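These notes concern the structure reproduced below.
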Amino acid sequence: MLRHFTLEYWIDDDWYIGRLKEVPGVFSQGESLEELEENIRDAYRLIK
């Protein structure tokens, strides 16, 4: 099943920091938006 979530992100000291709005506690970071998206997917998979 394919799920869609909202990635809310901001930039802090050249790092992209993000969270999934619909899943409390899933945060990650990356040096680029693409890296953040990949890392947030990994973080979500770890809690499933």
Side-chain angles (χ1 to χ4, degrees):
M1 176 170 42
L2 185 62
R3 296 182 181 206
H4 294 273
F5 298 107
T6 306
L7 173 60
E8 181 177 66
Y9 70 93
W10 56 96
I11 300 173
D12 187 14
D13 291 331
D14 296 328
W15 284 88
Y16 287 79
I17 313 296
R19 72 180 190 101
L20 294 180
K21 288 180 72 172
E22 296 84 0
V23 187
V26 177
F27 287 84
S28 195
Q29 65 184 17
E31 292 186 79
S32 67
L33 184 55
E34 293 80 16
E35 184 178 359
L36 169 61
E37 290 171 343
E38 182 179 326
N39 292 344
I40 206 86
R41 281 187 201 99
D42 290 342
Y44 176 73
R45 286 185 195 112
L46 289 173
I47 66 152
K48 296 196 324 184

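The model shown is predicted, which means the values in this text are computed figures rather than measured ones. Heavy atoms only: backbone and side chains are in, while hydrogens, waters and symmetry mates are out.
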Taking distance alone, no hydrogens or angles, what donor-acceptor pairs closer than 3.5 Å link side-chain atoms of residues 28-39 to residues at least two apart or in another chain?
residue, atom, partner, partner atom, Å
S32, OG, E35, N, 3.1
E35, OE1, E31, N, 3.0
N39, ND2, Q29, O, 2.7
N39, ND2, E35, O, 3.4

Would you list the atom pairs, donor with acceptor, under 3.5 Å between side chains in residues 9-20 and any protein atom, with sequence neighbours excluded?
residue, atom, partner, partner atom, Å
R19, NE, E8, OE1, 2.6
R19, NH2, E8, OE1, 3.1

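In terms of the salt bridge (charged side-chain N to carboxylate O under 4.0 Å, His left out) criterion, R3 has no residue partners (sequence neighbours excluded). With sequence neighbours left out, the side chain to side chain contact (heavy atoms under 4.5 Å, CB included) criterion links I47 to V23, V26, Y44.
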